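Every value quoted in this text rests on a predicted model; they were computed, and no experiment measured them.
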2 protein chains.
Amino acid sequence: MSESARGGRRRTTGRTPSQRGGARHERIADELRRAIADGHYPVGATLPSEAELATAHGASRGTVRQAVSALLAEGLIGSRQGARRVVLSTTPSQTFTELRSFAQWARAGGRTAGGLVVASDWDTARPEEAGLLQVPHGAPVLRVLRVRTLDGEPVLLERTVYAEWIGTAVDGLPADCESVTQRLHDDSGLVFAHGEHHIDAVAAGTADAEHLGVRRGSPLLRVRRTTTTADGRPVETSDDRYRPGSVVFTVRNSTQTNPLARTRA
Amino acid sequence: MSESARGGRRRTTGRTPSQRGGARHERIADELRRAIADGHYPVGATLPSEAELATAHGASRGTVRQAVSALLAEGLIGSRQGARRVVLSTTPSQTFTELRSFAQWARAGGRTAGGLVVASDWDTARPEEAGLLQVPHGAPVLRVLRVRTLDGEPVLLERTVYAEWIGTAVDGLPADCESVTQRLHDDSGLVFAHGEHHIDAVAAGTADAEHLGVRRGSPLLRVRRTTTTADGRPVETSDDRYRPGSVVFTVRNSTQTNPLARTRA
DNA sequence: GCCCGTCACCTGTATGGACAAGCTCGATTC
DNA sequence: GAATCGAGCTTGTCCATACAGGTGACGGGC
């Protein structure tokens, strides 16, 4: 049966060019993710062996390993030599795009995101910003202050700094643009590929308090992030402040994969 | 020369049993990590091609791919089909153990960590805790309140709940035990393997303010975490509150790997 | 009844080969 | 000088195979 499945698919050698859902290991990974999310494999359950998955999908063990290693990196499953893989968590992790884009994240969760640009000005890069954006000191940058709402309530205040080459495109966008990421992708073909996030807590300043509708001095979750393209060119750096109680960041890590770091301030 | 290197190493088939530094792909990954950390490959630089690395290390391309995929998962490098890999970040990520253990993290950074148990009591699990620890409602749990200091200054207040089977071991530890993780590993052979962290901001309560030496209502970074063993058995769940300005959490993510999620409160 | 060894199973590691698809850069052409 | 084309390099995907080493269950011996 694995014979017929493999033989029927194609027999040249490579793989069918653009099959729905991308590469085969991706499709296997997706199916496993779905099965876990659907409760087919609850927390603590063991996954089928690599050999079983291989014959079931008509793939080789290497391809199956590629698929499960993706779930391993996401922290969804644990793995020990000799023992079957165990489900550790059932909540799916988000795609990078969903994480990067407030609007896309809200949409994926069935909520509506709004946004409003409060201020947008060209300025010169401060030393720290110049370093983060890898531009010369004093280079022109676009500084944007944006309030983001979730189901109508303000939850996030973004202070974003764009490098000049991308700032010109951002400057032309409407003030109430829902998803800047989406527009930049559609208009300029720009794709964000990498992000570095520093998370801590700060007290709300006067401006923060006013725009988020909280008292001055109340706690805010601050995420300072810098986003780059696939070839490492910095695009923007931002200071995002979340109203507590609205958004929680979740990180999964394990001995096998560890993307989280704790650093001194 | 690649001929002699490969032939000279061994020609049976497997690999040398317990060579220093673990598996070969791990050693290659370590060397690349070190080269990046040392500035040999600054941010934006391109790594050697897989073929070059393979001949240089006398390994096959598959093994090299395994090594670089580790750096990819850590967010240190970016990768696009057809182009050479690019260095995205030079700050190394911490091992899971360093992240899990406050003491080990401090030591790795050349600082001294202290700890003091303020209170330690047996109690019954609250519904929420029972779910996190996967024990029946009302099951006995050990509740520990611990203050952690960094270079003598209090920076972290831990409220940890241990399941009964591990709580008995924790209960016998001295109140000023520097590293609970270390002791549990040495005494019981227990290894933590997986963690889930929820990060948000809260205002300091009366107890928080007193133990951390801050004013009531000042912002704190809260990390609620649950740790499990390799086979998915929950060990502890904890509510950690960090004094702002002392510790920052850093997360790297990209289109290729994405361990971070933003969830509704 | 308990302990311990055997053994099938399963994951980790490594190799080698093949083709697909994307990127870079130089050469050619207009 | 600028746009275009293509060859070669590089990464992505997939397969088949082999062996090492840990796990867990079964069963026999004490």
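Phosphate contact (OP1/OP2 of C:dC9, side-chain N/O of A:Arg80, threshold under 4.0 Å): absent. Within the structure, a side-chain polar atom (N or O) of A:Ser79 is placed less than 4.0 Å from OP1 or OP2 of C:dG12. Contact annotation: A:Arg65 side-chain N/O to D:dC15 OP1/OP2 distance is not under 4.0 Å. In this model, the phosphate group of C:dA20 is not approached by any side-chain N or O of B:Gln81 to a distance below 4.0 Å at OP1 or OP2. When the side-chain nitrogen and oxygen atoms of B:Thr63 are compared with OP1 and OP2 of C:dT15, one or more of them lie within a distance under 4.0 Å. Here B:Arg84 does not reach the OP1 or OP2 of C:dC23: none of its side-chain N or O atoms lies under 4.0 Å away.
The residue among A:His25 and A:Ala83 whose nearest nucleotide of DNA chain D lies closer to the 5′ end is A:His25.
In this model, no donor atom of one side chain and acceptor atom of the other lie less than 3.5 Å apart for B:Thr228 and B:Arg233.
The side chain of A:Ser60 approaches D:dA16 more closely than any other nucleotide in the set C:dC10, D:dA16, C:dT15.
Contact annotation: side chain of A:Arg61 to base of C:dT13, donor-acceptor pair present below 3.5 Å.
Listed here is the closest heavy atom pair of A:Asp171 and A:Leu142: N-CD2, 3.9 Å.
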What's the verdict on side chain to side chain donor-acceptor pair (under 3.5 Å) for A:Ser79 and A:Arg85, showing C-alpha distance, side-chain angles and the deciding distance?
CA-CA 5 Å; A:Ser79 190; A:Arg85 276 171 253 261; 3.2 Å; yes
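Side chain of A:Ser49 to main chain of A:Glu52: a donor-acceptor pair is present (N/O by atom type, distance under 3.5 Å, no hydrogens or angles).
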